[in-house]
Chemist: 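This is the structure I have questions about; it appears just below.
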Amino acid sequence: MNRKEEYQTLKEKLEKTPPALNTAVKRAQKKYNQNRLKKYFMYPLSAAAVLLFVFGMVVNQLPFSAVYAMGKIPIVRELTKAVAVSPALKAAVDNEYVQVLNMTQQKNGYTIKFEYMIVDSKQAYIFYKLEGEKYKDLFIEPEMVEVKKGELGKNYWVMATYQYEDQELTKEEKALKRSGYEKITLTLEDKDMPKELTFKCNIGRYSDIKTRSSDDRAPQYLETITMKVKLDDSIQVAPKIREIKQWVEVEGKRVFVDKVAVYPTQIRVHIKADPKSKMEVSSFSFFVEDDNGKRLGGKNFANGEESSRDFDGAETVSYTDENGCRVKAIASSGYWHDIDFKVYITTMHFDTRGGPPRATIDFKNKTAANLPKGVTMTQLEKNSDGNWELKFKVKIKGYREQNQVLTKWGSINEDGKEEYEVEEKTRWEIEWWDNWSNDDPKQPEVDEIEMTMIIKNYKQNKIQLEHYESFDYIMLDDPIGIAVKKVM
Amino acid sequence: MEVKEFAKSAEKVKTQLYKTAYLYMGNEADAIEMVDESIYKGFCASKKLRERQFFKTWLTRILINTCNSELKRRKREVVLEKLPESGYEEFDNLPLQEAIAKLPEKLKEIIILRFFMGFTLEETAETLKVPRGTVTSRQKKALEVLKLDFLKGEKE
């Protein structure tokens with residue numbers, strides 16, 4: 001066998017992928033979810049817009065501290081240590097915005113003590129201690145139990161801090177370790193905090209996790225203890241709403257900044273694209289500064305500021321409100337915001353409104369509708385394996401565009417519900433072979449390429465193909481500043 | 001990049017990742033392990049990926065680093081630090097897969113990305129964080145060592 005034959009044989013060999021590859025992403029995601037248990041244990045629930053709580057404007061008229069303060073409480077030095085590197089929480093503790101819990105539950109040699117809680121209508125932080133008679137390397141994987149179905153909204157996150165021995169500790173983890181506390185964070189997106197929270201605390205051992213492989217085995221818990229927490233009535237306050245109602249232009253796209261909601265521990269900004277536009281805002285990032293340029297929260301991602309593992313639960317918030325605005329949040333203290341300040345938008349992510357466009361392939365009538373521009377279907381038949389084989393001609397200019405066209409074909413949906421895997425083969429590289437060994441290969445002038453798709457084990461008459469990637473991500477070197485005036 | 005979006009994007013490139021991992025590790029089981037680990041690392045770092053157009057090159061870089069780390073950990077890496085100065089006969093007698101595995105790292109990664117993953121010169125340069133000209137010259141050298149210059153006349 002010569003090298004050419006060897007090359008072809010090796011390429012064919014690599015085409016035969018093992019079944020285990022089919023579930024590789026799911027395994028990795030499972031492991032990721034398990035290992036972030038500690039910090040960001042996430043319940044993947046589908047996002048949907050639900051009506052937000054109607055905010056009472058009257059609250060804006062009240063003195064800030066009078067609304068938020070929970071009253072004089074004895075704060076132990078350990079709690080002060082625990083929040084030392086979390087500015088927003090430190091401000092809450094400094095202002096005695098803390099609910100004392102002093103709850104203890106014991107079960108089969110395990111003891112959980114919920115001691116303090118910092119909570120507003122969207123986020124709760126529980127400071128707790130966990131002890132075991134037999135083991136010391138214990139952690140909690142928390143779950144929420146809803147008393148009324150849906151009371152926590154369609155999207156929420158509950159996570160506990162995690163101090164895995166092989167992992168370098170973040171500043172926050174170090175501070176917690178020094179204090180002797182651990183922390184559970186519960187973040188709600190669209191609902192307000194109910195009067196009572198029920199935490200199902202699954203207790204596990206770090207050493208068990210260490211040996212836990214990345215397969216699909218469910219985590220083995222040593223014990224589960226349920227903790228019910230009643231919220232202090234005084235925290236059921238609405239955020240302070242700063243109405244903005246201002247249009248700004250982001251690289252030629254009009255964006256409407258609706259409002260800024262200030263909570264004791266976080267800030268939420270509500271933004272939407274021009275309703276006449278084909279694009280919608282799917283995400284954005286921002287930071288907040290006072291008039292003197294002092295940072296009050298958030299990161300300037302466009303300026304290279306990285307998000308650390310110390311990020312707050314608020315940073316996971318991303319949903320659509322009742323006005324069609326995208327809502328994002330940062331950790332910041334409401335105690336700093338009874339002043340004029342500025343929100344700086346640093347990145348903006350637009351998606352095609354209603355999701356990426358789709359082409360429909362009709363196997364029965366052998367037709368293709370709504371194909372991307374420059375793409376035509378040249379073949380639609382079953383191959384010798386009984387799988388559908390589709391061929392397309394794609395008009396392109398040069399290889400750079402060529403590659404982008406090819407990646408526009410991704411997942412397949414049937415009636416927009418179930419996803420199917422598609423094998424995609426291209427022959428474009430043949431066009432390059434003349435240039436492979438040149439010192440300075442020139443871009444080949446290729447007008448058209450052929451793309452092949454294999455659809456396996458598909459029984460329906462029609463299938464939908466997504467035009468992969470139709471988005472616009474804008475990183476603003478010069479952030480857009482929006483003045484947020486104090487409500488008098 | 002959001003987790004859900006990351007998972008969807010990873011689904012699209014997992015086959016390419018597997019091919020690369022197989023060429024690095026030499027067997028199916030290790031290749032799957034490396035793919036799993038790389039995608040897991042990708043999930044962990046996905047928030048740092050702010051420009052989605054670099055997803056494929058970024059995750060491929062993670063995979064290559066993961067494979068190299070694992071090979072070093074197992075002390076199984078037998079690649080040459082640099083090419084012998086006189087002739088490449090020892091590559092001639094090896095099956096292509098073994099010859100690729102034995103290439104110096106800088107040539108091996110070019111061969112895998114360009115001719116097995118189908119990366120463009122720009123994508124290869126972006127993945128490896130080297131200038132395009134460097135990719136071209138390394139590619140030429142690697143093809144010469146592997147005696148793959150026959151591909152030059154493929155269309156003829």
Side-chain angles (χ1 to χ4, degrees), chain A residues 2-4 6-7 9-11 13-15 17-18 20-22 24-29 31-33 35-36 42 44 214 283 285 301-302 306-307 311 315 318 347 349 399-400 402-404 407 410-411 419 421 423 426 428-431 433-434 436-441 468-469 471 473 475, chain B residues 2-4 6-12 14-15 17-19 22-23 28-29 31-33 35-44 47-48 50-53 56 95-97 100 114-116 118-123 133 136-137 139-140 143-144 146-156:
Chain A
N2 62 32
R3 276 288 197 240
K4 179 181 179 181
E6 272 193 276
Y7 174 69
T9 305
L10 184 52
K11 281 193 83 171
K13 183 179 166 186
L14 292 170
E15 290 297 330
T17 56
L21 186 65
N22 295 336
V25 177
K26 285 181 182 166
R27 276 195 305 279
Q29 189 167 9
K31 183 179 175 184
Y32 168 70
N33 286 338
N35 284 353
R36 62 180 251 160
M42 176 177 158
S214 57
S283 188
S285 60
F301 292 124
E306 294 285 342
S307 178
F311 80 81
E315 293 171 42
S318 184
T347 67
H349 188 159
Y399 66 81
R400 188 137 181 91
Q402 179 178 325
N403 194 51
Q404 287 168 357
T407 56
S411 60
E419 291 199 355
E421 283 207 24
E423 280 188 15
T426 59
W428 49 266
E429 72 260 46
I430 292 171
E431 307 296 339
W433 287 359
D434 281 348
W436 274 10
S437 297
N438 292 346
D439 279 336
D440 183 23
Y468 179 51
E469 299 294 30
F471 65 89
Y473 184 86
M475 194 175 269
Chain B
E2 304 289 338
V3 167
K4 192 176 170 186
F6 177 89
K8 199 172 178 183
S9 301
E11 286 287 354
K12 294 179 200 303
K14 69 184 180 191
T15 303
L17 294 177
Y18 170 77
K19 290 177 186 176
Y22 189 95
L23 289 168
E28 198 175 286
I32 288 289
E33 192 181 329
V35 171
D36 280 6
E37 184 64 16
S38 305
I39 298 176
Y40 165 68
K41 285 178 180 171
F43 270 117
C44 296
K47 281 188 178 294
K48 291 182 182 172
R50 296 193 295 274
E51 294 181 75
R52 297 199 298 185
Q53 66 268 37
K56 185 168 74 172
L96 181 60
Q97 190 180 334
I100 292 170
R114 291 283 285 123
F115 306 123
F116 290 91
F119 273 27
T120 63
L121 284 172
E122 278 77 9
E123 286 173 332
T136 308
S137 58
Q139 172 182 300
K140 184 182 178 188
L143 290 171
E144 188 185 343
L146 296 172
K147 297 273 193 298
L148 276 170
D149 52 339
F150 70 92
L151 293 172
K152 191 177 178 182
E154 184 63 29
K155 273 185 74 184
E156 296 165 0

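In what follows, every chain begins at residue 1, and chains take the letters A, B, ... in the order their sequences are listed.
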Chemist: First locate atom NZ of A:Lys11, then atom CG of B:Leu96, and finally report the distance between them rounded to the nearest 0.5 Å.
Modeler: 11.5 Å
Chemist: Roughly how far, to the nearest 0.5 Å, is the NZ atom of B:Lys14 from the CG atom of A:Asn22?
Modeler: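 The CG atom of A:Asn22 sits 5.0 Å away from the NZ atom of B:Lys14.
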Chemist: Which atoms form the tightest heavy-atom contact between A:Leu21 and B:Thr15, and what is the distance?
Modeler: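 So the minimum-distance heavy-atom pair works out to CD2-CA, 3.9 Å.
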Chemist: Starting at CD of B:Gln97, measure out to OG1 of A:Thr9 and round the result to the nearest 0.5 Å.
Modeler: 11.5 Å
Chemist: Taking salt bridge (charged side-chain N to carboxylate O under 4.0 Å, His left out) as the test, write out the residues that go with B:Lys41, two or more places apart.
Modeler: none
Chemist: Using the side chain to side chain donor-acceptor pair (under 3.5 Å) criterion, which residues pair with B:Glu37? Sequence neighbours excluded.
Modeler: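 Here the qualifying residues are A:Lys31.
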Chemist: Can you tell me how far NZ of A:Lys26 sits from CD1 of B:Ile39, rounded to the nearest 0.5 angstrom?
Modeler: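 Spacing of CD1 (B:Ile39) from NZ (A:Lys26) equals 12.5 Å.
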Chemist: Within this structure, what is the CD1-CZ distance for the pair B:Ile32 and A:Arg27, rounded to the nearest 0.5 Å?
Modeler: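 Taking CD1 in B:Ile32 and CZ in A:Arg27, the distance rounds to 6.0 Å.
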Chemist: To check you understand the geometry: which heavy-atom pair defines the closest contact between A:Leu14 and B:Tyr22, and what is its length?
Modeler: CD2-CD2, 3.5 Å
Chemist: What heavy-atom pair brings B:Ala7 and A:Gln29 nearest, and what distance separates the two atoms?
Modeler: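 What the structure gives for the nearest pair is CB-OE1, 3.7 Å.
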Chemist: Which atom names give the shortest non-hydrogen contact between B:Phe43 and A:Val25, and what distance separates them?
Modeler: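 For B:Phe43 versus A:Val25, the nearest heavy atoms are CE1-O, 3.8 Å.
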Chemist: Could you please spell out the steps behind the side-chain contact (heavy atoms from CB on, under 4.5 Å) verdict for B:Phe116 and A:Leu10?
Modeler: CA-CA 9 Å; B:Phe116 290 91; A:Leu10 184 52; 3.7 Å; yes
